[in-house]
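The structure appears right after this line, and notes come after that.
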Number of protein chains: 2
Amino acid sequence: MIKDKYTIKDIAQMAGVSKGTVDRVLHKRGKVSKSAFEKVDKILKEIDYRPNPIARNLKKNKTYSIHVLLPDPHKDPYWIPANEGVLEAANQFTPFGILIRKYFYDPTDKSSFLIQSEEAILSQPDVLLMAPIFESESQVILGKCCRTKIPVVLFNNHMNTFKEQIFIGQDLKQSGRVAASLMGKIIGENDEIAIIHINKEPHMQSKENGFVEFFKEKPDRNHIMVSKTFNSADKIGFNQEVSQFIKSHPRINAFFVTNSKAYMLVEAFESLEKKDGIIIGYDLLKPNIKYLEQGAIKFLIHQKLKRQAFLSVNYLAEHFLFGKPLPSQELLPIDIITTENAHYYL
Amino acid sequence: MIKDKYTIKDIAQMAGVSKGTVDRVLHKRGKVSKSAFEKVDKILKEIDYRPNPIARNLKKNKTYSIHVLLPDPHKDPYWIPANEGVLEAANQFTPFGILIRKYFYDPTDKSSFLIQSEEAILSQPDVLLMAPIFESESQVILGKCCRTKIPVVLFNNHMNTFKEQIFIGQDLKQSGRVAASLMGKIIGENDEIAIIHINKEPHMQSKENGFVEFFKEKPDRNHIMVSKTFNSADKIGFNQEVSQFIKSHPRINAFFVTNSKAYMLVEAFESLEKKDGIIIGYDLLKPNIKYLEQGAIKFLIHQKLKRQAFLSVNYLAEHFLFGKPLPSQELLPIDIITTENAHYYL
DNA sequence: TTATTTAATGTGCTCGTACACATTTATGCA
DNA sequence: TGCATAAATGTGTACGAGCACATTAAATAA
């Protein structure tokens, strides 16, 4: 009897036992006599039995809840793609009994983060998916989840202290290196470089580290590099800061912006009537793409927030539904964007 | 009665009819009285009923066969990723009753292609997935599939004549433009460029067209461009051809290789002790990556053959199993590869 | 009115797995 | 040997959709 799909019934028949016994052998539960075990085990070794995931899931008939905690996309457009990714995956998996609930918090307000996260874990979801942008506060939440046995999946950025969590995102340091390798290809041998942090968040330092490291490894490259942080809340203040900076560093003409706000630097340059300047930045925000097309930004690195969010939900859903193993960490490719390939990533 | 998952039984109960009647309304089959129809229809409009795809599939309990026709990866390593992609997807979907059978042909032998394709469609698979590298021969096969009502999905390259087929791959012309935009960023204003076709296949012309088009659109760029095809079967002949070419075009120092064989050009340069030369090519073959790391190749464009193959099978499987709609065409992003981000794509 | 056709609706089984429950067989002890 | 208990095995049902078949209600003909 050679088939390409065996069922428990088939195995039972072949081993000369009932399907109940086969079930007991497969799941190592209940009492099975030595002889019966051997009969079934022999058959199992001969054939490649893989249970039908569809039937299994139908029987289980459980709805799984995924609670997603992320910054309100209305407050910061950076998070719009994350929301879209979650939505898309949710749409795909709700018919299968995957229940996704979103909790938005204000990315400028730590207390709102705490309130929303409390809410999110209150009803004991099967898993919490979150972007941990506030370090110490996220720590608190992770501790709570640990105690209440709610598994956590992180995306966008890492939490180094909790190694056991699952992470879906990019290697930030490596993305700094990618930026550096691009910069290295398009600037002159003696050009000076500025690393610009706009409204700096802790994880942005990794990008600078990678960027600097890349050039340190190249003995033939000795660019002067300056790291600068701009923290003005408003545009006028920001432009003033930029103006002062370029006055005090007249020879710098290459700029690496470590987050999605490269467009702000371009706009500051425009208002200062600064025409040259090679800029590399992050993310496919509308103004960034506009300046990429105009040539003011040379390259963008795509952090693929949408894909991060989508993949996270996707992995979890397929894990719950069909028992697929979860990766402990998935580092997404670091995509390089130029005018000509930008539209494929939108 | 507000739930988040409704079953046919639920609807039947709510409408005060039997599940048979609900089934008839849902599928518009059999006879249903006006009053019964309205009762059920009212409920259906109130709730968002989506049939459980798992239960539906379990009932159908059909095995679907996907026959894959692709060049033997032992004969040309370019096709290894395609094979891997198919394998990976097959592995994922066999437990669901998706049966994948592969047919390898010799990419240098048209008759072997015809023999294998005959074989592939002989047993009436549910779909044929193929990379149509021989144009007129593929035409014949597509015609046969059309007559025997076997749907066809193409990947790697297009067949312009059969618009109704599904295509998963890249826009080749646009990838030429991407190469051009990269080239434009790293070469000098007056540098001369060669477009190199190694063992030219028809579809490689699209890449050249895109490349040339990009520079034509830039009025401030007036690079002299030469298109050259090398067709030697062996390495010695090839190196001679290259030697002659660079002697007769001493001022050309930028090279766009339109397929995965950029490493051959690098090796020819090495044997000729030519040290300069900016090369942009395609695909993450091992020798290509080696020369990318050594700096001899500046950029590679990733055609993502593995992903093409994987996605094709994936789309088909999810279509068969869960009724997801098939895209008529999916153009994958054109990934730019440099030393620092190469390993993520392997 | 009653028999007969047709329309309308309900019932019950299938798919493969998981698990509760029922039944049979073996073992221990008086 | 009888009887209680435990061990081993078999049986039956649910999950949700889909479809064949059975049943009932309505319409028509005799």
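Chain naming here is simple, since letters A, B, ... match the order of the sequence lines and numbering starts at 1 in each.
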Could you tell me the separation between the NZ atom of B:K5 and the P atom of D:dG16, rounded to a whole number of Å?
8 Å
Look at A:S18 and D:dG10 and indicate whether a side-chain polar atom (N or O) is within less than 4.0 Å of OP1 or OP2.
yes
Under 4.0 Å, heavy atoms only, any strand: does B:K19 hit a base, just the sugar-phosphate, or nothing?
base
note: A:L321, atom CG; D:dC15, atom P; distance rounded to Å ~ 19 Å
What orientation do A:F320 and A:Y64 show, parallel under 30°, tilted 30 to 60°, or perpendicular over 60°?
parallel
Is there a side-chain polar atom (N or O) of B:N57 under 4.0 Å from OP1 or OP2 of D:dA17?
no
How many whole angstroms separate atom NZ of B:K60 from atom P of D:dG16?
18 Å
Passes side-chain contact (heavy atoms from CB on, under 4.5 Å), B:F93 versus B:L321? Steps please.
CA-CA 10 Å; B:F93 286 106; B:L321 293 175; 3.9 Å; yes
Donor-acceptor pair, B:K5 side chain versus A:P95 backbone, under 3.5 Å?
yes
Which nucleotide sits closest to the side chain of A:A55: C:dG16, C:dT9, D:dT9?
C:dG16
Electrostatic pair B:R29-B:D23, nearest N-O below 4.0 angstrom
yes
Touch check for B:D23, heavy atoms < 4.0 angstrom, all strands: base, sugar-phosphate only, or nothing?
base
Side chain of B:R24, base of C:dG10: donor and acceptor closer than 3.5 Å?
yes
Does A:N61 make a side-chain N or O approach to OP1 or OP2 of D:dA14 shorter than 4.0 Å?
no
Residue A:V17, side-chain atoms from C-beta onward, closest of C:dC15, D:dG10, D:dC15
D:dG10
The nucleotide from C:dA18, D:dC15, C:dT9 with an atom nearest the side chain of A:L58 is D:dC15
Nearest-Å distance for atom pair NZ/P, residues B:K62 and C:dG16:
14 Å
Below 4.0 angstrom from OP1 or OP2 of D:dG16, is there any side-chain N or O of B:R56?
no
Side chain of B:K59 - closest among C:dT17, D:dG16, C:dG10:
D:dG16
Rounded to the Å, how far apart are A:D10 CG and C:dC15 P?
11 Å
Please check this pair: side chain of B:Q308 against backbone of B:Q303, looking for a donor-acceptor N/O pair closer than 3.5 Å.
yes
Answer yes or no: is there a donor N or O on one side and an acceptor on the other, between the side chain of B:D126 and the main chain of B:S65, under 3.5 Å?
yes
Positions of residues 25-44 of chain A (non-hydrogen atom under 4.0 Å from DNA chain C), listed by number:
A:H27, A:R29
Would you please confirm or rule out a distance under 4.0 Å between OP1 or OP2 of C:dA8 and any side-chain N or O of B:T21?
no
Electrostatic pair B:K42:B:E46 at N-O distance under 4.0 angstrom:
yes
Is there a side-chain polar atom (N or O) of A:Y49 under 4.0 Å from OP1 or OP2 of C:dG16?
no
Check whether A:H302 reaches the backbone of A:D335 with its side chain - one donor and one acceptor, N or O, closer than 3.5 Å.
no
